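Worksheet: one structure, shown below.
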Amino acid sequence: MPELPEVETIRRVLEPSVTDDKITEIFIRQNRMIRGQSLYFFKQELTGRQILKVDRRGKYLIFRLNHKIFLVHLGMSGQIIRTTDNSVSQNTSFPLPDKHTHLTLWLSSGTVLYFRDPRMFGRYILSDPNDESRLFSNLGPEPLGPQFTPSGLYQDLRKRTASIKALLLSQKIVAGLGNIYVDESLFRAKINPAKPGGQISKKQTKILHESIKLVLTEAVNAGGTSISDFQDPEQRIGNYQNHLQVYGKKGKSCPHCGTIIIKENLAQRGTHWCPSCQK
DNA sequence: CGTATTGTTTTGCC
DNA sequence: GGGCAAAACAATAC
């Protein structure tokens, strides 16, 4: 579910409603995803903190608290649902908390945040602000920030023999792209997903850089992609699934040339491309 | 029964 | 030690 555009959509919804709120109570159903602080201290250290700011880095949501940072990675199926109900939600499409609600935060204004994650690939990390750079040390530049440049991208792809698909998924070349947006970006750039990173020309790299920024910007503006179950904290779905060109389009015609879109496994993921446009 | 799914970490090999 | 590729994690749908 959540790649950069989805996480940014969540961030934008949460920011105005939880900023300056205090965490008054916490309930943990499943502690598998909790990292950083020990379980005992997790609850103790989170309770009473004020949310100063909600940021994002790659696919991580960052709650900046007084003297702590709370990082949330939603994995494959994580979501955050906001209600103003104190016990059982009445506004949601299903009763909350349910068996997939692993963490619940009550805030001083009456807001309740439900953290759901059926597949439990997500992570909740409570740490010191000083640890932030270490926690993000494996992430490449923000694709929509000034650090992401065509020349930097070109340098990082030099001498790499792995496929551009695998490299873009790794988060180390650039942060925030997942399976959907890698396929869409490579289609826009007319680059074959199997092409080794080191074989992409300077000119192609510049186009790839532009394509990534374009696709992500469009997707953020559309409120993310709701393929199966993405919804923002207010339970609204995104709109970018209506703009996808190749992802999920196996057997359909390429919007550019009409050739049938292919889907094959690459880098352990279903990979979609136009065999004619993306040589 | 298989296969597939919007992600990352770990493992093992070269 | 780095780069790379595959397994592993888990739930659910088809």
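Every heavy atom of this structure was used, including side-chain atoms; hydrogens, water molecules and symmetry mates were not. Source: prediction; values computed, not measured. Letters A, B, ... are given to chains in the order of the sequence lines, protein chains preceding strands, and every chain is numbered from 1.
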What does A:K172 touch in the nucleic acid at a heavy-atom separation under 4.0 angstrom: a base, only the sugar-phosphate, or nothing? nothing
Distance check needed: C:dT12 P versus A:Q79 CD, whole Å only. 13 Å
Please give, in whole Å, the distance from B:dT5 P to A:N265 CG? 7 Å
Assign A:Y247 to base, sugar-phosphate, or nothing according to its heavy-atom contacts below 4.0 angstrom with the strands shown. sugar-phosphate
Return the value, rounded to whole Å, for the distance between atom CG of A:N179 and atom C1' of B:dT5. 9 Å
Gap between atoms OH and P, on A:Y124 and B:dT8 respectively (whole Å): 15 Å
Is A:F121 stacked on the base of B:dT8, meaning ring centres closer than 5.5 Å and planes within 30 degrees of each other? no
Which of parallel (below 30°), tilted (30 to 60°) and perpendicular (above 60°) describes A:H102 and A:H100? perpendicular
Any A:R32 side-chain N or O less than 4.0 Å from OP1/OP2 of C:dC9: no
Expressed as a whole number of Å, how far does the C1' atom of C:dT12 sit from that of B:dT9? 22 Å
Is it the case that A:R158 places NZ or CZ above or below the six-membered ring of A:Y154, under 6.0 angstrom from the centre and within 45 degrees of the axis? yes
Any protein N or O atoms within reach of nucleotides 4-6 of chain C? Criterion: under 3.5 Å, listing atom names and distances.
from  : atom 1 : to     : atom 2 : distance (Å)
C:dC4 : OP1    : A:T161 : N      : 2.5
C:dC4 : OP1    : A:T161 : OG1    : 3.1
C:dC4 : OP1    : A:A162 : N      : 3.0
C:dC4 : OP2    : A:R160 : NE     : 2.7
C:dC4 : OP2    : A:R160 : NH2    : 2.5
C:dA6 : N7     : A:Q268 : OE1    : 3.2

Which listed nucleotide (C:dA11, B:dG7, B:dT9) is nearest to the side chain of A:H100? C:dA11
Taking only side-chain nitrogens and oxygens of A:R123, does any of them come within less than 4.0 Å of OP1 or OP2 of B:dT9? yes
Using the P atom as the reference point in each nucleotide, state the distance between C:dA10 and B:dT11 in Å, no decimals. 14 Å
Contact class for A:G270 (heavy atom, under 4.0 Å): base, sugar-phosphate, or nothing? sugar-phosphate
Rounded to whole angstroms, how far apart are CZ on A:R269 and P on C:dA7? 15 Å
Report yes if the side chains of A:L71 and A:F136 come closer than 4.5 Å at any heavy-atom pair, otherwise no. yes
Rounded to the nearest angstrom, tell me the gap between atom CG in A:L177 and atom C1' in B:dT8. 15 Å
Rounded off to whole Å, could you give me the CZ-to-C1' distance for the A:R35 and B:dT8 pair? 10 Å
Residue A:H73, side-chain atoms from C-beta onward, closest of C:dA11, B:dT5, B:dT8: B:dT8
Between the side chains of A:K165 and A:N192, does any donor sit under 3.5 Å from an acceptor? no
Provide the closest heavy-atom pair for A:L74 versus A:D117 in the form atom of the first, atom of the second, distance. O-OD2, 3.8 Å
Among B:dT5, B:dG7, B:dT8, which nucleotide has an atom closest to any side-chain atom of A:R119? B:dT5
Atom-to-atom span, CG of A:D156 to P of C:dG3 - whole angstrom: 11 Å
Measuring to OP1 and OP2 of C:dT12, would you say a side-chain N or O of A:K99 lies under 4.0 angstrom away? yes
Looking at A:H67 and A:L65, would you say the former's side chain and the latter's main chain have a donor-acceptor pair under 3.5 Å? no
Heavy-atom count check: over 12 atoms from other residues, nucleotides or ligands less than 6.0 Å from A:K22 NZ? no
Atom P, compared across C:dA7 and B:dG2: separation rounded to whole Å: 16 Å
Is there a side-chain contact between A:T111 and A:R82 in this structure, where contact means two heavy atoms from C-beta onward sitting under 4.5 Å apart? yes
